[in-house]
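If you're wondering where the values come from, they're calculated on a predicted model, not measured in any experiment. Protein chains get the first letters and strands the later ones, always in sequence-line order, with residue 1 at the start of each.
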Protein chains: 2
Amino acid sequence: MDVARSELFETGTPVACASCQARHGVVCGALSSGQLRELNRHSLRRKIEAGCEIIAQGSESSFYSNIMRGVVKLCKVMQDGRQQIVGLQFAPDFVGRPFIRESSLSAEAATDAEICVFPRNLLDRMISETPELQRSLHDQALKELDAAREWMLTLGRRTAGEKVASLLYLIATHAEPQTATSTAFDLPLSRAEIADFLGMTIETVSRQMTRLRKSGVIRIENFRHIIVPDMDELERMISA
Amino acid sequence: MDVARSELFETGTPVACASCQARHGVVCGALSSGQLRELNRHSLRRKIEAGCEIIAQGSESSFYSNIMRGVVKLCKVMQDGRQQIVGLQFAPDFVGRPFIRESSLSAEAATDAEICVFPRNLLDRMISETPELQRSLHDQALKELDAAREWMLTLGRRTAGEKVASLLYLIATHAEPQTATSTAFDLPLSRAEIADFLGMTIETVSRQMTRLRKSGVIRIENFRHIIVPDMDELERMISA
DNA sequence: GGCATGCTTTGATCTAGATCAAACAGCGAT
DNA sequence: ATCGCTGTTTGATCTAGATCAAAGCATGCC
């Protein structure tokens with residue numbers, strides 16, 4: 001499943017990141033059209049299968065990316081194998097750690113995804129030349145920080161039931177289309193990944209899911225597809 | 001204990017932030033001397049007692065600050081009273097959430113502290129005019145993000161014993177002076193605060209502390225003062 | 001001093017969630 | 001179809017850590 005770093009960058013479909021020119025992506029929105037042209041000349045758009053590693057924990061990565069489609073999970077693992085998902089990213093998020101080459105976490109496609117890959121050196125130069133871009137990445141970092149801290153509260157102080165409800169709520173909120181109050185979406189994560197996000201075991205995740213199902217808060221079809229008839233009801237399970 | 005927001009800004013010792021001119025503080029290091037002079041004219045240095053709230057969760061704050069001395073804890077509380085410390089900040093960290101007025105967390109002095117208080121409007125202007133400052137704050141945000149994610153791993157996947165060891169290691173690392181391998185420091189947090197940082201109860205914190213004491217990894221004097229004879233030993237307890 | 005007050009430690013018990021162990025899908029390959 | 005594989009649910013039991021309850025121990029106040 002893994003894709004070596006160099007491979008990721010060198011074997012991608014060599015197509016300029018056309019749709020970035022719209023206004024997708026944290027990066028592209030902040031660039032002048034001249035910069036965008038230069039960036040496009042040196043960037044690749046690449047399809048990534050679910051499970052593919054984009055950046056490996058502990059590695060030095062020589063590129064950044066923008067998520068164009070799909071969900072990416074950020075993960076930390078301990079050498080004894082315990083692991084914790086520390087962030088979920090959706091289009092049009094930026095992936096990569098500005099200013100530090102060695103990654104303290106791995107980034108992996110949770111679903112099939114498409115990303116735009118930029119060479120690190122070029123983008124670093126553009127960051128330093130473009131306050132607008134710096135601001136844009138600063139914004140994203142702060143957004144991720146807010147999300148991380150919200151999640152710390154969930155990890156430290158919520159019960160198993162509240163944790164699962166929090167996760168479903170998070171996903172439902174980011175999975176776009178939703179009718180008036182009811183919402184349907186595909187879970188981008190397996191039970192095992194959910195467990196790693198919530199700091200618990202898959203058995204407990206499963207039990208809490210069926211508890212939510214039996215109490216009518218959610219409906220489950222095909223393990224992955226979830227329907228929330230009433231989002232307010234789900235929100236009430238979280239005990240914000 | 002609380003200090004109203006306006007009070008915090010209006011009743012501080014009206015002394016220009018002289019020592020910032022050295023190079024203390026995330027903010028001051030990034031400014032030109034002209035900007036620094038202007039900032040100083042509108043800023044206050046203020047002594048804060050342990051327990052004083054600097055920013056209240058849910059409030060709109062009209063200022064930022066720089067920690068000059070002491071430790072500040074960032075805290076989130078749920079309406080049923082459960083709470084979680086989501087960050088610890090030390091001099092010369094910056095306190096405040098750029099670009100968003102309403103705070104999703106509270107900032108409170110964990111120890112007696114000294115801060116420099118800046119009006120938000122002025123600093124926001126300077127941020128937009130000074131890429132160097134933007135970069136500096138971006139750096140701090142990324143540093144906090146790394147710390148938050150490291151802590152998510154601790155909250156989600158480490159045992160009680162590992163959690164306490166992680167906390168002691170974190171504090172020991174930030175409390176400055178340390179001889180070759182041995183380290184001594186004052187805990188900036190009470191047992192209850194430690195519990196809120198680690199997502200556990202004070203009883204469990206206490207038990208784990210005495211376990212570490214009995215196994216010789218730490219020595220405890222006066223509840224607050226800790227001696228770590230061998231930092232490597234402590235590090236081994238963490239199981240990174 | 002003597003006594004209230006707020007931490008902190010220690011002990012006894014309880015329980016939410018982990019662990020161990022099966023069954024139960026869904027699904028692609030033969 | 002049947003087999004094998006992987007992911008999920010469900011059940012039975014166990015345990016780390018929570019909860020409940022009582023002492024210690026400093027510190028400040030009268």
*Taking side chain as C-beta onward, heavy atoms only, is Leu167(B) less than 4.5 Å from Ile194(B)?*
yes
*Name the closest nucleotide to the Arg207(A) side chain, picking from dT10(D), dT10(C), dT8(C).*
dT10(D)
*asked:* In this structure, how many angstroms lie between the C1' atom of dA25(C) and the CE atom of Met209(A), rounded?
replied: 15 Å
*Please tell me which of the listed nucleotides, dT9(D), dG17(D), dG17(C), lies nearest to the side chain of Thr159(B)?*
dG17(D)
_Do the side chains of Glu150(A) and Lys76(B) get close enough for a salt bridge, i.e. N-O under 4.0 angstrom?_
yes
*When the distance from CD of Gln208(A) to C1' of dA18(C) is rounded to whole Å, what number comes out?*
13 Å
*Between Glu144(A) and Arg149(B), is there a side-chain N and carboxylate O pair less than 4.0 Å apart?*
yes
*Compare the minimum distances between each of dT8(C), dG17(D), dA21(C) and the side chain of Thr204(B), then state the nucleotide with the smallest one.*
dG17(D)
*asked:* Can you measure Glu193(B) atom CD to dG6(C) atom P for me and round it to whole angstrom units?
replied: 16 Å
*asked:* Applying a 4.0 Å non-hydrogen cut-off, can you work out what Met200(A) is touching in the nucleic acid: base, sugar-phosphate, or nothing?
replied: sugar-phosphate
*Give the rounded distance in Å between these two atoms: CZ of Phe223(B) and P of dT5(C).*
19 Å
*Side chain proximity check, Trp151(B) to Leu170(B), heavy atoms < 4.5 angstrom*: yes
*Between Val205(B) and Arg158(A), which has a closest nucleotide on DNA chain C that is more 5'?*
Val205(B)
*Report the distance from atom CG of Leu189(B) to atom P of dT8(C), rounded to the nearest whole Å.*
10 Å
*Check every strand shown and say whether Thr201(B) touches a base, only sugar-phosphate, or nothing at a heavy-atom separation below 4.0 Å.*
base
*Counting heavy atoms from C-beta on, name the nucleotide in dT10(C), dT9(D), dG17(C) closest to the side chain of Glu203(B).*
dT10(C)
*5' priority, DNA chain C, between Arg157(B) and Ala192(B) [closest heavy atom]*: Ala192(B)
*Just how far, in rounded Å, is P of dA16(C) from CD of Glu162(A)?*
13 Å
*What integer distance in Å separates Ile202(B):CD1 from dA21(D):P?*
15 Å
*Taking only Lys NZ, Arg NE, NH1 and NH2, and the carboxylate oxygens of Asp or Glu, determine whether Arg69(B) and Asp112(B) approach each other closer than 4.0 Å.*
no
*d(CG, Leu198(B); C1', dA18(D)) in whole Å*: 15 Å
_Taking any heavy-atom pair under 4.0 Å as a contact, classify Arg213(A): base, sugar-phosphate, or nothing._
sugar-phosphate
